[in-house]
Every structure is written in C-alpha cells, then in structure tokens.
Amino acid sequence: MIGKKIREYFETEPDFKEALPKNLKDTDSLIDSGVIDSLGIIKLVLFIEETFKISVGAEELNQENFETISSIEKFITHKTVGR
Amino acid sequence: MFLVHQLLENSAEKFPFKTAAVFKEDRLSYQDINEEANQLAHCLIKLGVKKGDRVGIYLTKSPEEVVSIFAVLKTGAIFVDINPHLKDDQVSYIVKDCTIKGLMSSGDRLSSLKNTLDIESMELVVVTGKGSGAFNKDKLKVTTFEDVHNSGERTNPQVELIDADLASIIYTSGSTGMPKGVMLTHQNIVMGANSVTEYLNNTQDDIILSILPFSFDYGLNQLTTCFQVSATIVLMTYIFANDVVDKIIKEKITGLAGIPTFWIQLLQAPNINKHKYENLRYITNSGGKIPVVYVNKLRETFPHTEIFLMYGFTEAFRSTYLNPREIDKRPESIGKAVPNAEVFLVNDDGKECIPGETGELIHWGPFVSKGYWGKPEETAKTIKQNPFIQEFTDLVAYSGDLVRKDEEGYLYFVSRKDKMIKSSGYRISPAEIEEQLYQDNRIDKVAVLGIPDDILGERIKVVITLKDRQSWAERDILDYCKQRLPSYMVPHIIKIIDKMPLTPHGKIDLTLLENV
C-alpha cells in the first residue's frame with residue numbers, strides 16, 4: 001500500500017511523471033533512471049512527511065533509503081512501526 | 001597524444017589492469033573500458049557511422065556512458081553527450097540541430113523520446129541496460145549493449161584523424177533563442193586536460209570523484225584528466241550530500257570538482273563534520289562564485305585540502321584559476337590565466353583595461369572552440385579576431401562576462417553583459433523559458449529575469465500577463481513548467497500581473513519587474 005501511494009505520486013506529479021519509465025519495477029533504481037534528481041528529492045520528502053506523518057532526518061537522506069520504491073516503502077514502514 | 005581517445009588507449013597500454021572507473025560496487029580496468037569501447041566502436045562502424053557523424057549519448061552517469069563517449073570518438077565521429085535531465089522537447093531540439101545520426105540510451109529513456117527518434121537524420125540506436133525498449137523501431141537500426149559485448153572485436157579501430165578534427169559538440173544556452181552546440185576539436189579537449197592536470201598536479205595516484213554531468217565541459221574534464229594521467233574516476237549521480245561524504249571516505253577520494261550549490265549542500269550534510277578528509281588533496285569550484293562565508297566553511301571542514309576557485313565559459317573551456325595560496329588574501333578572486341591560456345579585459349572602446357577598470361574578458365589560446373554548430377553568424381559574435389594582433393589570423397573567444405583586474409593582476413567576476421541567468425551552476429537563457437510559455441495560448445507577455453541569490457547564484461523569476469487574467473493560476477503555470485523544462489530551469493518565482501511595464505522603446509522594462 002505504501003509502495004502504491006509512492007508510485008501514484010510519481011505517476012501524477014509533474015516533476016516526476018515525465019521521467020518515470022513505463023515498466024518501472026519496485027526494485028528499479030529511481031536515481032539511475034533519472035526520476036529523482038537533487039531538486040526533486042526535496043518535494044518527494046515533503047510528500048512523504050505529510051502523507052505518512054513521519055519526520056525525515058537529514059541523516060536519513062541517502063541512496064539506501066530512497067533508491068527504489070521498495071527501499072522507500074521499507075524506510076517509511078520502519079519509521080511508522082511501533083506507533 | 002593528440003586525440004581524446006588516445007588518452008584512454010595510452011593508459012590501457014601502460015596500465016591495463018589498473019582500475020579506471022568505479023561505479024557503485026563495480027570496478028573496471030583500463031583494459032575493460034578500452035575493449036568495451038572498441039567493441040562498440042567496431043559495431044558503430046558496421047552500422048554505418050562515419051568520421052564526422054554526430055552520435056548522441058543520453059544516459060545517466062555510468063560505465064556505459066564512459067564507454068559510449070570513447071566508442072564514438074574511436075570511430076572518428078563526434079559525440080554529443082546530452083544532459084540526462086533534459087526532456088523530450090529539449091533532446092529533440094538538440095538532435096535536430098546537429099542532425100544526429102545515432103543515439104545511445106536506455107530502453108526506458110528511448111520509450112519517452114517521442115519527437116527525438118522521429119527526426120530524419122536518425123538512423124541507429126544503441127540500447128543500454130536490460131530489454132530493448134518500447135519505441136518505434138521501424139526505420140532504425142537497433143543494437144543492444146549486450147549484443148555488442150559479444151561481438152568480439154577488441155582492438156583499437158584504425159581511423160585517420162588529426163587533432164584539428166571535431167571530437168564533440170557541447171550544448172549550452174545562448175543569450176537569445178535556443179541552446180547552441182559548441183564545437184570542440186580533439187585539440188581543444190586534450191589541451192584543456194593538459195592544462196588542468198598541470199595546475200592540479202594530477203597523477204596516477206589520484207582518485208577523482210565525478211558528480212558533474214559529462215554533458216558539461218567542466219564535468220567531462222574530470223574524465224579526460226583522469227584518463228590522461230591513468231588515475232581512477234569514481235562515477236556517481238549526485239542526489240544526496242550524505243552519500244557524497246560516505247563516498248569520499250569509502251573510496252579515499254583525492255580530488256572533487258563541484259559548483260557553488262553543490263558545495264553549499266555538501267556543507268549541510270549531517271555527517272560532514274565526522275571526518276577529517278586527510279585523503280582529499282584538492283577540491284575545485286567553477287560555474288559561479290561561492291559566497292565568502294562558505295569558502296571559509298570549506299576551509300574549516302577540509303583542513304588538509306587545497307581549494308581551487310576557477311572560472312571558465314564553454315566556448316573556451318577554462319580561463320582562470322586562483323592559486324590556493326591566495327585564498328586567504330582574496331577569496332573572491334577568480335585568479336589568473338590557467339597554463340597555456342591568456343586572458344585580456346577589453347573596455348567599451350576595445351582597449352585593454354587598466355587595473356581597477358571593468359571590461360569584457362576575452363580568452364586566447366588552444367582551448368578556444370570552433371564556434372557554434374550550424375550558426376556562423378552567432379559564432380562570429382563570439383569567436384573573433386584577436387584585437388591585439390594584426391599580423392595574422394588569430395581567433396579569441398569573447399566571454400560576455402564583465403571582469404575587473406586588481407593592481408597585482410588578480411581577476412574578479414563582476415556580472416554578465418547580457419540577460420543570461422546563472423542559476424545552480426547552469427547558464428540559462430530566458431528565451432528558452434519564454435519559448436515554452438509562449439507555446440500556450442493563454443500567455444500574453446512573459447518576462448524572465450534573474451534575482452541574485454547567495455546559494456543559487458540567481459533565482460529565476462517569471463512575470464506574466466495573460467490574455468484573460470482568470471484563465472490560468474500561478475500554481476498551474478508552475479506545473480506546466482515542471483513538465484516541459486529540466487528542473488534547473490523551472491522558475492523559482494512566478495507572478496501574474498495586469499500590465500507589463502514597457503520602456504520608451506516598447507521593450508519590457510525588466511528593472512521594474514525585480515520588485516513585483
């Protein structure tokens with residue numbers, strides 16, 4: 001579900017939808033495909049914080065957490081567990 | 001070594017097993033890269049690529065991008081590395097402008113290039129990555145990187161070239177209208193690498209981090225200087241400052257090139273102060289001025305590192321650098337001419353400026369490019385006869401930048417002569433942004449201007465009048481821009497007003513729009 005919301009966001013937001021590959025898998029790199037760049041990431045983080053009610057720390061802004069839809073999902077799940 | 005691909009071939013001969021490039025966990029040797037490039041070059045030749053043809057490369061930073069660049073060079077063709085952030089409209093403009101014959105890209109990207117692949121001159125496509133992509137293959141010869149890899153011909157192709165032959169076309173924005181392709185010969189690029197390796201003291205022990213795109217001459221130079229001295233280049237797509245810090249430590253990076261926005265973001269990374277960076281021998285800056293407060297922060301954060309503040313413009317690659325020893329005394333200076341270049345400042349009377357006087361910087365030397373592809377009139381406005389030499393034909397490049405010299409000969413950037421905006425390290429033409437907006441019928445008039453900003457250099461402000469004031473909202477105009485322009489060109493400020501202020505000559509009065 002989290003992954004789906006993220007995918008929908010990419011599919012509808014003007015910043016991202018043009019660069020989104022048609023058959024992007026959850027495990028495909030969003031960075032290598034050019035979907036995310038250093039300016040777009042700021043918007044994505046704001047969306048995640050507002051939608052999932054979490055706070056993303058500056059030290060959590062890295063490729064490990066944001067490289068793929070799967071890794072973003074894992075990151076958000078980890079942050080919301082225990083609430 | 002006269003030719004750009006000889007930089008690779010030479011290193012492959014001397015140090016075949018040395019790591020040439022690192023990408024994530026992969027390490028490729030000089031022999032690996034040279035042989036991949038050779039296989040691809042032989043394939044391209046079989047597909048009909050000839051000396052002088054233009055071949056585009058539209059990939060994110062990767063070993064494939066490096067291999068593609070050198071493969072095209074080895075065929076004698078001219079490579080056109082296209083910024084991976086550009087969208088279909090901008091890519092199709094470029095490929096049409098230089099009548100590109102072929103394109104190397106990934107299947108996914110090719111699927112999104114509707115207008116680009118339809119152009120008449122396009123004959124062949126090389127697909128990287130998995131799958132061959134869903135695009136119209138009807139009149140195109142298509143091959144994949146996988147096919148090429150098994151094709152077997154690993155020897156250096158024998159193509160007759162001299163260093164006066166064109167090696168690359170680098171697209172850059174012009175002061176009016178759309179981007180222009182700066183033509184670079186093998187000599188331009190090799191001489192540029194020679195100069196930089198000299199003042200940066202590059203050796204084969206260097207491990208250079210590449211975060212700038214190869215579609216930028218500044219970014220491309222990391223690749224050429226690295227291969228020239230048989231060093232190692234670590235390839236990275238820059239998104240997160242945290243990851244850059246980790247990479248610097250993990251790969252023991254000795255040299256890093258950036259632009260002002262990058263340095264400022266890097267300084268804000270939470271893990272930046274956790275290390276001492278003893279291996280980081282030097283960092284370089286170009287593409288704009290770093291505010292002095294950040295220069296000082298860089299010195300505190302990287303106490304063992306020499307900082308090189310530099311200046312250049314695409315039409316002449318690089319003009320000046322500040323000796324790191326001078327940074328204490330003059331952190332705002334762009335320094336003096338780089339090795340094998342001379343710079344002059346000329347005032348409005350065409351005479352050389354005296355110390356303290358501001359004038360346009362002109363560059364003399366072997367980095368002066370051949371001008372703009374297909375645009376002799378535009379070229380003639382920038383590449384002109386040296387005003388100080390009458391005895392023979394000798395061309396210099398006019399920068400369009402106003403610069404001042406102090407009593408000791410150190411130079412300082414003052415401002416652009418024309419309306420170009422310098423934002424986030426890019427030179428942006430207001431006309432390109434206007435162009436996209438004017439395509440919508442609701443627009444009456446558009447004015448695009450740069451507002452000084454400490455971090456970005458300039459913020460892009462767009463002021464609009466609509467035919468019908470109610471027909472479009474500022475927020476929706478922003479979305480429109482985001483879809484059609486690369487992110488660094490998307491305006492930071494959009495304002496709709498009722499009436500555009502005009503000068504007595506009937507032109508839009510930009511000075512009055514700064515405060516709107």
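Note on naming: letters A, B, ... go to the chains in the order of the sequence lines (proteins, then strands), and numbering restarts at 1 for each one.
Here Phe240(B) pairs with Phe66(A) under the ring pair (Phe, Tyr, Trp, His ring centres under 6.0 Å) rule; sequence neighbours left out.
Most heavy-atom pairs under 4.5 Å with chain A, from the set Ile239(B), Val490(B), Val244(B), Leu478(B): that is Ile239(B). Annotation: maximal heavy-atom pairing with chain B below 4.5 Å, among Leu20(A), Ile31(A), Leu61(A), Leu24(A), occurs at Leu61(A).
Of the atoms belonging to Ala19(A), not a single heavy atom falls under 4.5 Å from chain B. Only the side chain of Ile41(A) comes within contact range of chain B, judged by heavy atoms closer than 4.5 Å.
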Would you list the atom pairs in which one atom of chain B and one of chain A form a donor-acceptor pair under 3.5 Å?
{"from": "Lys24(B)", "atom 1": "NZ", "to": "Asp32(A)", "atom 2": "OD2", "distance (Å)": "2.8"}
{"from": "Lys24(B)", "atom 1": "NZ", "to": "Glu67(A)", "atom 2": "OE2", "distance (Å)": "3.4"}
{"from": "Thr60(B)", "atom 1": "OG1", "to": "Asp32(A)", "atom 2": "O", "distance (Å)": "2.7"}
{"from": "Arg109(B)", "atom 1": "NH2", "to": "Ser33(A)", "atom 2": "O", "distance (Å)": "3.4"}
{"from": "Asn242(B)", "atom 1": "ND2", "to": "Ala58(A)", "atom 2": "O", "distance (Å)": "2.7"}
{"from": "Asn242(B)", "atom 1": "ND2", "to": "Leu61(A)", "atom 2": "O", "distance (Å)": "2.8"}
{"from": "Asp243(B)", "atom 1": "OD1", "to": "Gln63(A)", "atom 2": "N", "distance (Å)": "3.4"}
{"from": "Asp243(B)", "atom 1": "OD2", "to": "Gln63(A)", "atom 2": "N", "distance (Å)": "2.5"}
{"from": "Lys482(B)", "atom 1": "NZ", "to": "Asp15(A)", "atom 2": "OD1", "distance (Å)": "3.3"}
{"from": "Ser487(B)", "atom 1": "OG", "to": "Asp37(A)", "atom 2": "OD2", "distance (Å)": "2.6"}

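Contact between Pro270(B) and Ala58(A) at its shortest, heavy atoms only, is CG-C, 3.3 Å.
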